[in-house]
> 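Dumping the structure here so I can ask a few things about it.
Predicted model, so just to flag it, every value in this text is computed and none were measured. The figures that follow rest on heavy atoms only: side chains count, while hydrogens, waters and symmetry mates do not.
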Amino acid sequence: MNFVSLSKTYDPKPVEEKWLKSWAEANLFSSHPKDSHDSENPPFVMVIPPPNITGALHMGHALNNTLQDIMVRFWKMQGKEVNWVPGTDHGGIATQNVVEKVLKAEGKKRTDLGREAFLERMWVWKKECGNTILEQLRRMGCALDLRPENMRFTMDEMRGRAVAEAFKRLWEKGLIYRGERMINWCVRCGTALSDIEVEYEERDSKLWHIHYPLEDGKEGSVVATTRPESMLGDTAVAVHPEDKRWKHLIGKKCRLPLTQRIIPIVGDKAIDLKFGTGALKVTPAHDPVDFEIGQRHKLDLVRVIGLDGKMTSEAGESYAGLDRDACRKKVVEDLKAGGFLKDEKPYHHSVGVCYRCNQVIEPLLSEQWFLKMAGLAQKAIQASKSKKVIFYPESWERPYLNWLENIRDWCISRQIWWGHRLPVWYCVKQATVCQPMVSFDRPAQCVSCGNGELEQDPDVLDTWFSSGLWPFSVFGWPEKTKDLNYYYPTTVLITGYEILYLWVARMVMMGLEFMEKVPFKDVYIHGIVRDKHGKKMSKSLGNVVDPLVLMDKYGTDAMRFALAVQTVPGRDIQFAEESLVGARNFTNKIYNATRYILMSLDQASPEVIQKISHYVSHPQELTKAKLDLADRWILGQISQTAKSVKESMVNYRVDEAARIIYEFLWGDFCDWYVEISKLSSSGKKAEVLGIACVVLERCLGHLHPIMPFISEELEQALSEKLGLRPGYLLKKEFSDFQFALTAEDADRIRFLKNLITGIRTLRSEYNIPPGKQIEVQYAKLESRSAVILKENESLIAHLAKIQGSIAADKLPSKSLYYPLSEVTICIPQSEVDVNKLKSRLDKERSVIQQELENLSRQLEDKNFLSRAPEEKVDEIRQRHTQVKQRQSRIEEVLKNL
RNA sequence: GGGUAGUUAGCUCAGCGGCAGAGCGUUCCCUUGACAUGGGAAAGGUCACAGGUUCAAAUCCUGUACUACCCACCA
């Protein structure tokens with residue numbers, strides 16, 4: 001790129017395209033396993049949370065993958081062998097729903113196609129959607145080896161075998177069982193769900209009070225319910241045994257309204273005396289609590305709601321076939337007509353809904369496959385308590401433990417088509433007699449009777465079952481592969497808190513069960529990306545932002561930076577597009593700073609260039625050169641920055657790292673050093689330009705994990721200009737460079753910055769044009785400060801735009817004054833607005849007065865002097881001296897006005 | 001009902017024992033030869049509230065209020 005002739009603003013598009021192509025061609029992101037695991041220098045390994053193939057990636061993915069890519073690039077640059085394993089997830093119900101929606105638009109249902117044809121459609125979808133996702137990951141600059149042969153998919157052959165093997169082992173261990181239980185049924189999706197796949201939503205409804213008369217028609221009990229339609233399946237009324245209102249009824253029978261059924265009134269301690277009427281209608285077939293009560297009292301089960309959400313024939317002639325909602329209306333009407341409805345109160349409560357389609361969940365009794373969790377959870381709890389798994393931030397450990405401690409068996413079977421078919425085979429001839437067989441491939445014959453006609457269980461596994469195996473299935477488990485040996489366990493998992501239980505906890509359990517090692521050492525939990533008002537992004541709210549659009553508009557680096565700098569571990573981001581403007585401006589700043597340095601290099605002689613490139617390759621040599629204060633300062637700053645950035649990165653504080661680089665690059669480097677460098681004499685040029693190049697190059701290195709494109713572009717342009725061997729930043733080895741700023745130098749810089757700012761403030765306040773050269777007098781200058789001023793005369797002149805300066809013994813009259821601790825700055829003027837000057841100084845006086853009082857109080861406090869650390873006391877003393885000096889200067893000026 | 005996090009400038013958020021910070025927004029000045037996607041300067045704060053610990057609290061502890069989220073079988 002020709003920086004001199006090209007535009008003044010950075011254009012990310014061509015740069016991104018260029019490097020994406022270049023990185024892919026260089027196969028920069030692949031990893032190769034070593035024969036043995038080196039525990040001294042373990043590889044950095046991460047498996048991607050495989051995106052569901054439900055559509056395009058959203059901002060959550062952008063954040064997740066930005067964070068992962070930052071860690072990957074960072075550790076790669078630290079010289080680690082890095083493997084970031086890419087893949088996608090089949091996404092079970094979610095994906096099936098998406099394709100069903102597409103079919104619906106064509107006027108078809110999945111049942112019209114049949115299982116086989118439908119699955120074909122699913123695979124077509126998988127291919128398209130998978131490619132879209134790949135393209136997005138690529139565009140984001142993710143350092144993933146996305147070649148087809150390196151891609152994993154939860155439903156590819158290898159992962160399929162892993163799933164079947166895991167199922168088989170758990171089955172043989174007796175951890176998987178089949179049974180009829182109360183499960184969560186999604187009427188719309190037509191499948192069972194596990195407990196954590198049910199979400200709860202607050203809804204406005206009613207609480208109906210219904211009179212259940214006694215058998216003989218006399219006054220019985222009044223029950224309270226939110227689900228009147230379920231009364232058709234009631235087989236008892238339950239009251240608390242100690243409830244004075246109702247306990248006399250226990251043992252009696254009542255007549256279930258709208259039916260001919262006679263049901264008992266039972267006493268059960270599970271009843272909450274304070275709720276509703278204190279009497280509960282018991283529907284054992286359609287409510288988990290009622291089911292338990294039913295078990296305790298040996299009640300009948302009457303199923304009135306079918307799998308399709310319609311009332312069954314058991315509901316009675318007038319209701320059978322009605323949709324559950326319609327039935328509710330009719331039941332309420334009928335109760336009203338029959339005089340049974342005693343009350344109808346507005347009621348706000350939470351109802352369970354399907355996490356994939358938002359429809360109300362129907363709890364019902366069904367035969368399903370379950371995985372026993374207690375033992376698995378116990379090991380996962382231990383792993384966390386013994387710090388084998390560490391959460392960042394650690395506040396997520398408790399919810400994780402809490403969930404595991406209260407875990408219930410996992411319903412793993414789903415009645416959908418898209419997923420891993422249960423590896424269970426039945427003998428067609430004698431299904432009830434012969435043993436079911438568990439195997440990935442179709443067994444040749446029935447083990448019990450030798451019959452060859454076998455049928456596979458129609459159910460598929462919960463999509464999270466295969467996800468749970470991901471950290472080792474990606475490496476070829478159950479085969480003992482080289483990959484598995486070298487890469488497992490992985491280093492860190494980076495994911496959002498919304499799938500802590502669904503996924504993270506399951507991976508830990510499965511990893512411990514099958515690999516006997518935790519699947520990852522660290523878990524970095526990030527938040528979700530919300531809109532600028534703090535609302536969750538959703539299609540229905542219309543507040544969804546497409547990462548691709550943002551990348552097009554502001555550049556990928558800008559989007560990545562904006563996300564990175566706003567991400568505090570575990571916390572949500574309120575994301576406003578404005579934040580991208582700031583990030584985009586930052587890319588422009590970096591580009592222009594580099595452009596300026598390249599332009600300067602253009603003007604340098606070949607000898608100077610050679611010298612500079614020597615410095616860039618051997619920065620330590622700079623310390624031997626004759627350095628000015630500003631040179632020493634910026635070298636000290638970059639050293640400090642390097643240290644801080646690394647520390648933040650190691651602790652997953654990507655936001656801190658981003659902020660540190662931003663502040664250094666813009667605040668220290670551009671605003672001060674580059675400006676200062678502009679006045680360097682030609683004799684010193686090689687050193688100053690050399691320092692600028694060294695500092696900039698290192699800064700680009702630190703920036704690379706966060707902003708890979710622009711850093712690569714500028715670094716390579718710089719290398720080229722300096723005639724250095726080109727190479728990717730990712731592979732670049734920066735020699736260790738440390739330069740410590742002395743306390744004296746730090747103090748000198750502080751003084752100079754205050755001085756320059758002071759002069760600028762006066763200029764600004766009194767509308768002295770920035771370009772106008774003025775003269776400054778330094779009144780009552782200390783001898784030490786005089787030396788600093790003398791040594792940095794031209795620097796001050798340049799930055800504060802002053803023409804000349806003289807040291808004065810007394811305060812000159814008719815001046816603008818700006819008292820510092822060490823000197824009083826005076827700008828002589830023909831006309832001075834004394835009142836304005838006075839009011840500012842008065843204000844400063846009161847501020848400084850307050851500060852001085854605070855400092856004095858501390859220094860007079862014996863407890864402070866004896867108990868505070870010595871360096872703290874020294875610090876306060878020093879500050880006290882400075883503030884005191886400044887105060888007396890302010891007083892002096894005020895007296896003179 | 002239990003738990004977790006948050007409450008700091010107009011907005012979005014850092015800071016988490018030792019001078020209250022950044023970005024955006026606001027006001028003023030500036031086309032200076034990297035950048036107006038820029039430079040310089042300024043205004044703006046009872047760090048939610050009440051107690052406590054400490055020489056010292058925005059920061060640690062306790063409680064209160066509000067907000068958000070998570071968990072739980074409130075019919």
Side-chain angles (χ1 to χ4, degrees), chain A residues 3-4 8-10 182 196 200 207 223-227 230 238 270-272 274-283 287-293 347 349-350 352 363 393 395-396 398-399 402-403 406 497-498 500-501 527-528 530 532 534 554 558 565-566 568 570-576 578-579 581-600 655-656 659 662-663 667 670-671 674-675 678 756-757 760-765 767-771 799-801 851 854-855 857-858 861-869 871-873 875-876 879 883:
Chain A
F3 286 84
V4 183
K8 292 177 173 182
T9 49
Y10 173 62
M182 183 63 66
I196 32 175
Y200 290 87
L207 190 63
V223 300
T225 184
T226 54
R227 303 200 52 196
S230 73
I271 307 305
D272 181 356
K274 285 181 290 254
F275 190 88
T277 60
L280 171 74
K281 58 186 268 319
V282 185
T283 326
D287 184 281
V289 177
D290 294 12
F291 179 77
E292 282 168 26
I293 296 174
Y347 188 57
H349 68 147
S350 73
S395 58
W396 279 103
R398 259 173 74 142
N402 184 49
W403 184 76
N406 297 295
Y497 57 71
E498 69 275 14
L500 182 65
Y501 311 131
I528 56 174
R530 295 171 177 275
K532 69 165 158 185
Y554 301 96
V565 80
Q566 289 181 81
V568 178
R571 299 260 299 269
D572 292 347
I573 295 178
Q574 281 200 38
F575 191 82
E578 294 88 81
S579 68
V581 175
R584 191 268 323 264
N585 294 353
F586 181 44
T587 59
N588 198 50
K589 189 76 183 174
I590 305 162
Y591 166 83
N592 273 298
T594 310
R595 194 166 71 105
Y596 171 71
I597 287 168
L598 291 169
M599 281 164 68
S600 308
D655 58 318
E656 264 177 21
R659 238 187 312 275
Y662 179 94
E663 276 164 15
C670 292
D671 287 349
V674 171
E675 288 310 317
K678 284 177 184 171
I756 290 158
T757 305
R760 285 170 175 174
T761 302
L762 285 178
R763 270 182 179 284
S764 182
E765 273 181 13
N767 292 334
I768 302 168
L799 292 183
K801 288 271 160 26
E851 201 187 341
N854 292 343
L855 292 168
R857 199 181 316 120
Q858 281 191 70
D861 186 342
K862 284 194 188 102
N863 285 324
F864 172 70
L865 296 174
S866 61
R867 293 189 203 186
E871 68 260 28
K872 247 345 152 218
V873 177
E875 208 182 296
I876 299 289
R879 243 169 59 206
V883 171

> Any N/O pairs under 3.5 Å between the protein and nucleotides 16-18 of chain B? List them or say none.
unit_1	atom_1	unit_2	atom_2	d
G18(B)	N2	Gln858(A)	OE1	3.4

> Checking Arg530(A) side chain against Asp572(A) main chain: does a donor-acceptor pair fall under 3.5 Å?
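No, because the side chain of Arg530(A) does not come within donor-acceptor range (under 3.5 Å) of the backbone of Asp572(A).
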
> Return no unless some side-chain N or O of Lys678(A) is found under 4.0 Å from OP1 or OP2 of U32(B).
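Lys678(A) to U32(B) OP1/OP2: no side-chain N or O under 4.0 Å.
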
> Look at the rings of Tyr662(A) and Phe586(A) and say which category their plane angle falls in: under 30° parallel, 30 to 60° tilted, over 60° perpendicular.
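Aromatic pair Tyr662(A)/Phe586(A) classed tilted.
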
> From C-beta outward on Thr225(A), which listed nucleotide comes closest to its side chain: U37(B), A75(B), C71(B)?
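That would be A75(B).
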
> With both distances under 3.5 angstrom, what nucleotide forms a Watson-Crick or G-U wobble pair with A5(B)?
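Because both required distances fall under 3.5 Å, A5(B) counts as paired with U67(B).
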
> By nearest atom, which of the nucleotides C70(B), A75(B), C69(B) is closest to the Arg530(A) side chain?
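Closest of the options to the side chain of Arg530(A): C69(B).
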
> On a whole-Å scale, what distance lies between the P atoms belonging to C16(B) and G25(B)?
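My reading of the P atoms in C16(B) and G25(B) gives 27 Å.
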
> Verify side chain to side chain contact (heavy atoms under 4.5 Å, CB included) between Met182(A) and Glu292(A), making sure each step is shown before the conclusion.
CA-CA 10 Å; Met182(A) 183 63 66; Glu292(A) 282 168 26; over 6 Å; no

> Between Thr761(A) and Ala224(A), who's closer to the 5' end of RNA chain B by nearest nucleotide?
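The residue whose closest nucleotide sits nearer the 5' end is Thr761(A).
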
> Would you check if the side chain of Asn406(A) reaches a backbone N or O of Asn402(A) as a donor-acceptor pair within less than 3.5 Å?
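Here the side-chain-to-backbone pair exists.
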
> Ignoring hydrogens and angles, tell me if any N or O in the side chain of Asn592(A) forms a donor-acceptor pair with the backbone of Arg595(A) under 3.5 Å.
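A pair under 3.5 Å: no.
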
> Under 3.5 Å, is there a donor-acceptor pair between the Lys678(A) and Ser600(A) side chains?
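No, Ser600(A) and Lys678(A) have no side-chain donor paired with an acceptor closer than 3.5 Å.
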
> From the list C73(B), C69(B), C29(B), which nucleotide is the closest neighbour of the side chain of Val289(A)?
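Given the options C73(B), C69(B), C29(B), the side chain of Val289(A) is closest to C73(B).
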
> Name the closest nucleotide to the Tyr347(A) side chain, picking from G40(B), U37(B), C74(B).
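For the Tyr347(A) side chain, the nearest candidate turns out to be C74(B).
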
> Contact class for Tyr501(A) vs. all strands (heavy atom < 4.0 Å): base, sugar-phosphate, or nothing?
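Sugar-phosphate only.
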
> Heavy-atom nearest nucleotide on RNA chain B for Val581(A) versus Lys801(A): which residue maps closer to 5'?
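Result: Lys801(A).
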
> Side chain of Tyr497(A) only, please: which of C69(B), G40(B), U37(B) is the nearest?
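That would be C69(B).
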
> Once you measure the plane-to-plane angle for Tyr10(A) and Tyr591(A), does it fall in the parallel (<30°), tilted (30-60°) or perpendicular (>60°) bin?
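Aromatic pair Tyr10(A)/Tyr591(A) classed tilted.
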
> Scan Ile271(A) against the nucleic acid and name what it touches under 4.0 Å (heavy atoms): base, sugar-phosphate only, or nothing.
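Base contact - Ile271(A) has a heavy atom under 4.0 Å of at least one base atom.
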
> Please tabulate, one pair per line, each protein N/O and nucleotide N/O from nucleotides 24-26 of chain B that are separated by under 3.5 Å, including the distance.
none

> If you check the Thr757(A) side chain, which of A34(B), C74(B), A41(B) turns out closest?
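My answer, after comparing the listed nucleotides, is A41(B).
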
> Keeping the roles fixed (side chain from Asp655(A), backbone from Val565(A)), state whether a donor-acceptor pair exists under 3.5 Å.
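Such a contact is absent between Asp655(A) side chain and Val565(A) backbone.
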
> Reckon Arg763(A) touches a base, only the sugar-phosphate, or nothing at all at heavy-atom distances under 4.0 Å?
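If one applies the 4.0 Å heavy-atom cut-off, Arg763(A) turns out to touch nothing in the nucleic acid.
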
> Taking the P atom of each, how far is A50(B) from U8(B), in whole Å?
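The same atom, P, in both gives a distance of 16 Å.
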
> Quick one, Val873(A) with Leu865(A), criterion side chain to side chain contact (heavy atoms under 4.5 Å, CB included). Give me CA distance, side-chain angles, the key distance, then yes/no.
CA-CA 7 Å; Val873(A) 177; Leu865(A) 296 174; 3.7 Å; yes

> Do any N or O atoms from the side chain of Arg571(A) and from the backbone of Gln566(A) form a donor-acceptor pair under 3.5 angstrom?
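Side chain of Arg571(A) to backbone of Gln566(A), a donor-acceptor pair under 3.5 Å: no, none is there.
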
> Under a 3.5 Å threshold, yes or no: a donor from one side chain and an acceptor from the other, between Thr587(A) and Lys589(A)?
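No, no side-chain donor-acceptor contact under 3.5 Å.
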
> Using only side-chain N and O atoms of Arg398(A), determine if any of them is under 4.0 Å from OP1 or OP2 of U4(B).
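Arg398(A) to U4(B) OP1/OP2: side-chain N or O found under 4.0 Å.
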
> Please work out if Thr226(A) contacts a base, only the sugar-phosphate, or nothing of the nucleic acid, heavy-atom cut-off 4.0 Å.
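The residue Thr226(A) makes sugar-phosphate contact but no base contact.
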
> Is Asp671(A) touching bases, backbone alone, or none of the nucleic acid, heavy atoms closer than 4.0 Å?
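The residue Asp671(A) makes sugar-phosphate contact but no base contact.
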
> Could you give the distance separating G18(B) and U32(B) at their P atoms, to the nearest angstrom?
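Each nucleotide's P atom is 44 Å from the other's.
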
> What nucleic acid atoms does Ala279(A) come within less than 4.0 Å of, heavy atoms only: base, sugar-phosphate, or nothing?
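The answer is base, as Ala279(A) lies within the cut-off (heavy atoms under 4.0 Å) of a base atom.
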
> Please pick, from U32(B), U4(B), A14(B), the nucleotide with the shortest atom-to-atom distance to any side-chain atom of Ser395(A).
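Looking only at side-chain atoms, Ser395(A) lies closest to U4(B).
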
> How far, in whole Å, is G38(B) from G33(B) if one measures between their C1' atoms?
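After rounding to an integer number of Å, I get 14 Å for this pair.
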
> Look at the side chain of Lys8(A) against the base of C35(B) and say whether a donor-acceptor pair falls under 3.5 Å; ignore hydrogens and angles.
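Side chain to base: no pair present.
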
> Between the base of A34(B) and the side chain of Glu675(A), is one N or O donor paired with an acceptor at under 3.5 angstrom?
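Side chain to base: pair present.
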
> From the list C35(B), A14(B), C70(B), which nucleotide is the closest neighbour of the side chain of Val568(A)?
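Of C35(B), A14(B), C70(B), A14(B) is nearest to the side chain of Val568(A).
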
